[in-house]
A.B. asks: 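One structure is given below, represented as structure tokens, and several questions about it will come after.
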Amino acid sequence: MTSLSMLLSAAMPLALLFGLWMLAQISRRFGEVTHRPPLYRGFYLAMVLLVLPLGVRLLAIGLTDDEIKDLGGGSSNAMLHDVPLALSVTVAVVIAWRYWGWLVYAREGLDPAAGGK
């Protein structure tokens with residue numbers, strides 16, 4: 001049962017990878033149309049950072065319950081998972097805000113390119 005839950009826990013980084021890939025593709029197209037700088041490449045960096053947490057989760061599938069308990073609790077092994085995951089999400093949020101933050105401030109009927117005038 002533990003192996004099944006570990007296998008299912010690998011679905012989170014995979015889903016995040018897929019979501020970042022989609023966001024990168026949409027942002028790339030948006031940047032081409034609006035002639036924005038290619039900041040969308042930061043999404044690819046975030047995807048690369050997600051490979052390590054995905055690998056850690058997949059390698060944990062064959063571990064026993066005692067070995068899994070030893071991995072947690074702020075150990076260096078847990079940091080191999082947590083730090084790249086946090087960096088990946090941080091990079092993705094910053095890039096998404098730079099590309100798509102105008103949607104928050106755009107009001108109906110106003111041209112966002114004209115500064116809301």
Side-chain angles (χ1 to χ4, degrees):
M1 188 63 168
T2 304
S3 295
L4 179 63
S5 65
M6 278 295 178
L7 182 61
L8 289 176
S9 74
M12 186 278 300
L14 282 175
L16 192 54
L17 272 169
F18 182 70
L20 288 175
W21 180 79
M22 285 182 15
L23 201 52
Q25 298 307 308
I26 293 169
S27 297
R28 180 183 56 83
R29 298 281 224 148
F30 176 67
E32 288 173 354
V33 170
T34 60
H35 305 290
R36 298 189 63 145
L39 295 175
Y40 66 88
R41 293 177 183 160
F43 288 122
Y44 296 122
L45 172 65
M47 290 169 60
V48 168
L49 288 170
L50 274 177
V51 171
L52 191 58
L54 176 63
V56 167
R57 287 186 184 236
L58 289 176
L59 289 174
I61 290 173
L63 298 178
T64 65
D65 289 336
D66 293 332
E67 292 171 333
I68 290 172
K69 289 177 187 174
D70 291 340
L71 286 178
S75 68
S76 61
N77 293 335
M79 297 305 271
L80 283 175
H81 177 271
D82 296 343
V83 171
L85 185 63
L87 283 174
S88 175
V89 170
T90 302
V91 167
V93 165
V94 168
I95 298 299
W97 185 258
R98 297 280 296 155
Y99 259 92
W100 301 101
W102 63 271
L103 288 171
V104 175
Y105 299 111
R107 289 186 271 165
E108 190 174 326
L110 297 178
D111 183 17
K117 296 179 181 174

A.B. asks: Any chance you could measure Leu52, atom CG, to Ser88, atom OG, to the nearest 0.5 Å?
C.D. replies: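 One finds 11.0 Å between CG of Leu52 and OG of Ser88.
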A.B. asks: Determine whether Leu54 and Met12 fall in the same hydrophobic cluster, where Ile, Leu, Val, Met, Phe, Trp and Tyr are linked whenever their side-chain heavy atoms lie under 4.5 Å apart.
C.D. replies: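 Both belong to a single hydrophobic cluster.
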A.B. asks: To the nearest 0.5 Å, what is the distance between CG on Leu50 and CG on Leu16?
C.D. replies: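 One gets 4.5 Å once the value is rounded to the nearest 0.5 Å.
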A.B. asks: Check whether Leu17 and Met22 end up in the same hydrophobic cluster, where Ile, Leu, Val, Met, Phe, Trp and Tyr are linked by side-chain heavy atoms less than 4.5 Å apart.
C.D. replies: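 Same cluster: Leu17 reaches Met22 through Ile, Leu, Val, Met, Phe, Trp or Tyr contacts under 4.5 Å.
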A.B. asks: Give the minimum heavy-atom separation between Leu39 and Ile95, together with the two atoms involved.
C.D. replies: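 In terms of heavy atoms, the two residues are closest at O-CG2, 3.4 Å.
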A.B. asks: Flag yes if Leu49 and Val83 sit in one hydrophobic cluster, no otherwise; membership is Ile, Leu, Val, Met, Phe, Trp, Tyr, and two members link when side-chain heavy atoms are under 4.5 Å apart.
C.D. replies: yes
A.B. asks: Specify whether Trp102 and Phe30 have parallel, tilted or perpendicular ring planes, treating 30° as the upper limit for parallel and 60° as the lower limit for perpendicular.
C.D. replies: parallel
A.B. asks: Can you list everything that forms a side chain to side chain donor-acceptor pair (under 3.5 Å) with Gln25? Sequence neighbours excluded, please.
C.D. replies: Arg28, Tyr44
A.B. asks: For Ala86 versus Thr90, what's the shortest heavy-atom pair and its separation?
C.D. replies: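 For Ala86 versus Thr90, the nearest heavy atoms are O-OG1, 2.7 Å.
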A.B. asks: Going hydrophobic residue to hydrophobic residue with side-chain gaps under 4.5 angstrom, can you get from Val51 over to Leu45?
C.D. replies: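 Cluster IDs for Val51 and Leu45 differ.
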A.B. asks: Once you round to the nearest 0.5 Å, how far does OH of Tyr40 lie from CZ of Arg98?
C.D. replies: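 Answer rounded to 0.5 Å: 16.0 Å.
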A.B. asks: Indicate, with yes or no, if Val48 and Phe18 share a hydrophobic cluster defined by side-chain heavy-atom contacts under 4.5 Å among Ile, Leu, Val, Met, Phe, Trp and Tyr.
C.D. replies: no
A.B. asks: Distance check, rounded to the nearest 0.5 Å: Tyr99 atom OH versus Leu23 atom CG?
C.D. replies: 10.5 Å
A.B. asks: Inspect the surroundings of CZ in Arg36 and state if more than 12 heavy atoms from other residues, nucleotides or ligands are less than 6.0 Å away.
C.D. replies: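 Check passes, neighbour count above 12.
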